[in-house]
Amino acid sequence: MLFEPRSGRLAAWGNALLAGLVSPDEAALSIVGEDAVHRVAGLPGEAGPVGLTLALGRLRALGVSGLRVALPAPGHPLGLSGPPEFNARALEAEEAVVCAGAALGLVPEVTEAGPAGDVHVSVLWQCLPVREAPPADVPSLGEAERELAEALREATVVLTRLDVAASGPVADAALSAYRARAEAGREVLAPGYPPRAVRVLALAQRVDLMVSLAYGNGHGGAVAASEMAARAEALRPVERVARRALVAAYNAAVERH
């Protein structure tokens, strides 16, 4: 249930590879994760789709010095810089990776096949031209951390009052799983990221988990339309802040250089 966008894995481990901190094979395996295969199409100099290892090497040869994450939503082009064609593709996918050092971006197309319980997931990253400009609405790590803490406090007060705070056996199981992964020292970011980025990412994932549980917990005591609207109003800014924090954390390896 933890929100770990594919663009985040690609950027984090791609940055570690570009910094010489991991091998190409280690980066590729970490990016693919539980998916079956990732390939990249549209790379300059390549006639067709290629594997991740070759793609990352090609990007380095094209001058790419870092990878940034974009997590746009309707009305919030978080991390994007244009042009409109790329922004539209990224908004449809709800995520993208933007290259630093070359005017290129990557948008995932996810395909699932197979029966329930044995789903084969393949990802084709489309490489497209982007505008070289500052990304939209990306906070610093310090700003993201402060925003998260404040939004979490405010949302908890409202959700508790409306009796829709995450609770019950499903929520308890999800929270227990989260704590188990955290206590096991799960590597939430690739090598080369500052400790503050790891902390911000973990907090953003925890906030995202809380929001998901609140949405999935039915109406709780918020049976009146006005109370349901209040719940949505309370969650909306928290979701926005969590996405901003995720982007700040994943982009920290690039922004500090």
Evaluate side-chain contact (heavy atoms from CB on, under 4.5 Å) for Val98 paired with Leu104, printing each intermediate quantity in order. CA-CA 6 Å; Val98 179; Leu104 297 170; over 6 Å; no
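- Using a 4.5 Å heavy-atom cutoff, the side chains of Pro74 and Leu91 are in contact.
- The side-chain heavy atoms of Cys127 and Pro44, taken from C-beta on, include a pair separated by under 4.5 Å.
- Between the side chain of Glu95 and the backbone N or O of Ser7 there is at least one donor-acceptor pair closer than 3.5 Å.
- At distances below 3.5 Å, at least one donor-acceptor pair connects side-chain atoms of Asn87 with backbone N or O atoms of Gly82.
- Around atom CD of Glu92, no more than 12 heavy atoms belonging to other residues, nucleotides or ligands sit under 6.0 Å away.
- Legend: residues meeting salt bridge (Lys or Arg N to Asp or Glu O under 4.0 Å) with Glu85, ordered by chain and number and at least two apart, are absent.
- Here Glu145 pairs with Arg196, Arg199 under the salt bridge (Lys or Arg N to Asp or Glu O under 4.0 Å) rule; sequence neighbours left out.
- Using a cutoff of 4.0 Å between basic side-chain nitrogens and carboxylate oxygens, Arg243 and Asp137 are not scored as salt-bridged.
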Asn15 and Tyr250: CA distance, side-chain angles, deciding distance, side-chain hydrogen bond (donor to acceptor under 3.5 Å, both in side chains) verdict: CA-CA 10 Å; Asn15 285 329; Tyr250 282 120; over 6 Å; no
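- Contact check on Glu109 versus Arg89 returns a salt bridge, with a Lys/Arg side-chain nitrogen under 4.0 Å from an Asp/Glu carboxylate oxygen.
- Counting only heavy atoms from C-beta outward, the side chains of Val110 and Val121 approach each other to under 4.5 Å.
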Verdict with supporting geometry, Leu62 and Arg58, side-chain contact (heavy atoms from CB on, under 4.5 Å): CA-CA 6 Å; Leu62 291 168; Arg58 172 65 69 184; 4.0 Å; yes
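- Put simply, the side chain of Glu143 gets close to the backbone of Ser140: a donor and an acceptor are under 3.5 Å apart.
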Could you list the donor-acceptor pairs under 3.5 angstrom formed between side-chain atoms of residues 111-119 and any protein atom two or more places apart in sequence or on another chain?
none

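- In this structure, Arg68 pairs ionically with Glu255, as a charged nitrogen and a carboxylate oxygen lie closer than 4.0 Å.
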Step by step, would you call Asp35 with Arg9 a side-chain contact (heavy atoms from CB on, under 4.5 Å)? CA-CA 12 Å; Asp35 297 333; Arg9 294 205 306 268; 3.5 Å; yes
Starting from the C-alpha separation in whole Å, work towards a yes-or-no answer on side-chain contact (heavy atoms from CB on, under 4.5 Å) for Leu71 and Glu94. CA-CA 6 Å; Leu71 296 176; Glu94 299 182 340; over 6 Å; no
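- Under the 3.5 Å distance criterion, the side-chain polar atoms of Arg39 are left unmatched by any main-chain donor or acceptor of Leu124.
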